[in-house]
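Naming: A, B, ... by sequence-line order, numbering from 1 per chain.
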Amino acid sequence: MKIASFNINGVKARIGALTEWLDEAQPDVALLQEIKSVDEGFPRELFEDRGYNVETHGQKGFNGVAILSKLPLEDVRRGLPGDDSDEQARWIEATVVGDSHAVRLCGLYLPNGNPAPGPKYDYKLAWMERLEARARALLADEMPALMAGDYNVIPQAEDAANPKAWEEDALYLPQTRAAFRRILNLGFTEAFRARTQGPGHYSFWDYQAGAWNKNNGIRIDHFLLSPACADLMTHCEIDKEVRAREKPSDHVPIWVTLAA
DNA sequence: ATGCCTGGCGATGCCAGA
């Protein structure tokens, strides 16, 4: 089972890039972030025509997440628990049943948090506390589970081409990285780092200042796997070349395969 | 030190992104 995550930076602006990638990468499941669309405006037929079931959790203008899946999506839940007043669409989860295992799939778009300090950074840290609580509950369920998406977290210096430039940034502040580590330390495996070590691996390049041409990137899109899910992982890769195409997102897809 | 580029909204520049 191939499961991909992709921050597409606007589904309507990315119809060409998104369908081209889907047709060639052929993921069984795609977790999408930043659809920037309300549910009624999501071009679901485009994906249904390709054999995908579609579940969205959108809002007007910003944010928004979706799941495309060739397998039926069961027990779909929208919104990260823990704050009923939070109106930002950043979390969706569902269960898929593979040949040998059912897997709980969570798609997330973690808040950016800039500028820090400030209310946006407070919201980011509070959101990460709620994420930790949900992560604990997923472990307690014992079903193989993963949480994938745009974490807006640079975990280590090696995950940025120029880490010095990020020292005051909400993506890399010590408190941000500590909150990310607390979730890993519950027992989650960061899929990419379980397979690939060393610097030079990125998932985002800014549109500005020639970041792509200079390979001035950061690695902020991640898959976190529960122990039962990590046991099933066979591959984890980043589709870097997607960033060089026409009218690209500023993020590229990351994917895992599971023996599920 | 700041903007660089892009999408969305909606009609004009501004906000948000990272």
Side-chain angles (χ1 to χ4, degrees), chain A residues 5-21 32-43 46 56-66 86-91 107-128 131 148-177 179-180 200-222 238 240 242-254:
Chain A
S5 167
F6 193 1
N7 179 323
I8 56 174
N9 188 20
V11 68
K12 295 176 194 73
R14 216 63 64 206
I15 282 171
L18 183 53
T19 54
E20 183 185 6
W21 166 74
L32 305 179
Q33 301 92 42
E34 279 208 271
I35 64 174
K36 295 187 177 181
S37 168
V38 293
D39 295 334
E40 312 82 70
F42 192 84
L46 213 55
T56 61
H57 180 40
Q59 69 178 90
K60 188 176 180 179
F62 305 103
N63 307 323
V65 288
D86 184 1
E87 295 182 347
Q88 299 192 30
R90 297 179 175 276
W91 179 270
L108 67 101
Y109 176 42
L110 204 149
N112 174 301
N114 281 303
K120 291 190 174 184
Y121 193 55
D122 295 341
Y123 174 67
K124 178 175 194 156
L125 293 178
W127 204 95
M128 293 183 83
L131 177 60
D150 177 359
Y151 277 76
N152 273 316
V153 174
I154 302 167
Q156 307 264 21
E158 66 183 1
D159 298 312
N162 182 12
K164 283 255 180 263
W166 298 93
E167 280 180 350
E168 307 300 319
D169 195 283
L171 279 64
Y172 189 60
L173 282 171
Q175 270 185 284
T176 304
R177 292 189 278 153
F180 184 72
H201 302 284
Y202 312 125
S203 67
F204 170 91
W205 294 260
D206 202 297
Y207 290 121
Q208 302 183 67
W212 168 247
N213 288 327
K214 297 176 193 165
N215 196 25
N216 181 15
I218 51 178
R219 196 176 67 88
I220 56 175
D221 298 85
H222 309 299
I238 296 173
K240 177 179 184 178
V242 170
R243 185 64 176 79
R245 296 182 182 173
E246 283 297 308
K247 211 165 154 42
S249 170
D250 39 9
H251 295 251
V252 295
I254 171 173

Touch class at under 4.0 angstrom, heavy-atom based, for K120(A) against every strand present: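 If one applies the 4.0 Å heavy-atom cut-off, K120(A) turns out to touch the sugar-phosphate alone, with no base involved.
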[atom1] of [X] versus [atom2] of [N]: gap in Å, rounded?
{"X": "N114(A)", "N": "dA16(B)", "atom1": "CG", "atom2": "P", "answer": "12 Å"}
{"X": "R219(A)", "N": "dA18(B)", "atom1": "CZ", "atom2": "C1'", "answer": "16 Å"}
{"X": "H251(A)", "N": "dC5(B)", "atom1": "NE2", "atom2": "P", "answer": "18 Å"}
{"X": "L18(A)", "N": "dG7(B)", "atom1": "CG", "atom2": "P", "answer": "14 Å"}
{"X": "D150(A)", "N": "dA16(B)", "atom1": "CG", "atom2": "C1'", "answer": "13 Å"}
{"X": "D206(A)", "N": "dA16(B)", "atom1": "CG", "atom2": "P", "answer": "17 Å"}
{"X": "Y109(A)", "N": "dG7(B)", "atom1": "OH", "atom2": "C1'", "answer": "12 Å"}
{"X": "E168(A)", "N": "dT2(B)", "atom1": "CD", "atom2": "P", "answer": "13 Å"}

Side chain of R14(A) - closest among dT6(B), dA18(B), dG17(B):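 Out of dT6(B), dA18(B), dG17(B), the nucleotide with an atom closest to R14(A)'s side chain is dT6(B).
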Could you pull out all residues at least two apart from [X] that satisfy ring-ring contact (aromatic ring centres under 6.0 Å, His included)?
{"X": "Y172(A)", "result": "none"}
{"X": "W166(A)", "result": "none"}
{"X": "Y109(A)", "result": "none"}

Using atom [atom1] of each nucleotide, how far apart are [N] and [M] to the nearest Å?
{"N": "dC4(B)", "M": "dC14(B)", "atom1": "P", "answer": "12 Å"}
{"N": "dG13(B)", "M": "dA1(B)", "atom1": "P", "answer": "31 Å"}
{"N": "dG10(B)", "M": "dA16(B)", "atom1": "P", "answer": "14 Å"}
{"N": "dT2(B)", "M": "dT6(B)", "atom1": "P", "answer": "23 Å"}
{"N": "dG17(B)", "M": "dT12(B)", "atom1": "P", "answer": "25 Å"}

Polar contact flag, side-chain donor to acceptor under 3.5 angstrom, K12(A)-S37(A):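 Looking only at side-chain atoms, S37(A) and K12(A) do form a donor-acceptor pair, the distance falling under 3.5 Å.
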Under 3.5 Å side-chain donor-acceptor pair for Q33(A) and D150(A):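 Short answer, no.
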Sorted by number, the residues of residues 208-217 of chain A with heavy-atom contact under 4.0 Å to DNA chain B: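 Correct list: Q208(A), A209(A).
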5' priority, DNA chain B, between I218(A) and Y207(A) [closest heavy atom]: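 The residue mapped nearer the 5' terminus is Y207(A).
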Residue whose nearest DNA chain B nucleotide is more 5′ - N63(A) or P248(A):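 Nearest-nucleotide comparison on DNA chain B picks P248(A).
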Parallel, tilted or perpendicular: rings of F180(A) and Y151(A) (30°, 60°):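 Rings of Y151(A) and F180(A): perpendicular, over 60°.
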Below 4.0 Å: OP1/OP2 of dG17(B) and any side-chain N or O of N112(A):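 It does not, given that no N or O in the side chain of N112(A) lies less than 4.0 Å from OP1 or OP2 of dG17(B).
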N/O (side chain, N7(A)) to phosphate O (OP1/OP2, dA18(B)) under 4.0 Å: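 So the side chain of N7(A) is within the cut-off, an N or O lying under 4.0 Å from OP1 or OP2 of dA18(B).
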Identify each atom pair where a protein N or O and an N or O of nucleotides 8-14 of chain B are less than 3.5 Å apart, giving names and distance.
from	atom 1	to	atom 2	distance (Å)
dC9(B)	OP1	G61(A)	N	3.2

Test log, rule side-chain contact (heavy atoms from CB on, under 4.5 Å), inputs K124(A) and T176(A): CA-CA 8 Å; K124(A) 178 175 194 156; T176(A) 304; 3.8 Å; yes
Any residue meeting side chain to side chain contact (heavy atoms under 4.5 Å, CB included) with N112(A), in chain and number order, not counting sequence neighbours: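 With neighbours one apart ignored, the set is N114(A), N152(A), L171(A).
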Student check: side-chain heavy atoms of L32(A) and V11(A) closer than 4.5 Å: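 Not in contact.
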Side chain to side chain donor-acceptor pair (under 3.5 Å) partner of W205(A), chosen from N215(A), D250(A), N216(A):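 So the option named by the test is N215(A).
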Polar pair under 3.5 Å, donor/acceptor by atom type, side chain N152(A), base dA18(B):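 In this structure, the two groups form no donor-acceptor pair.
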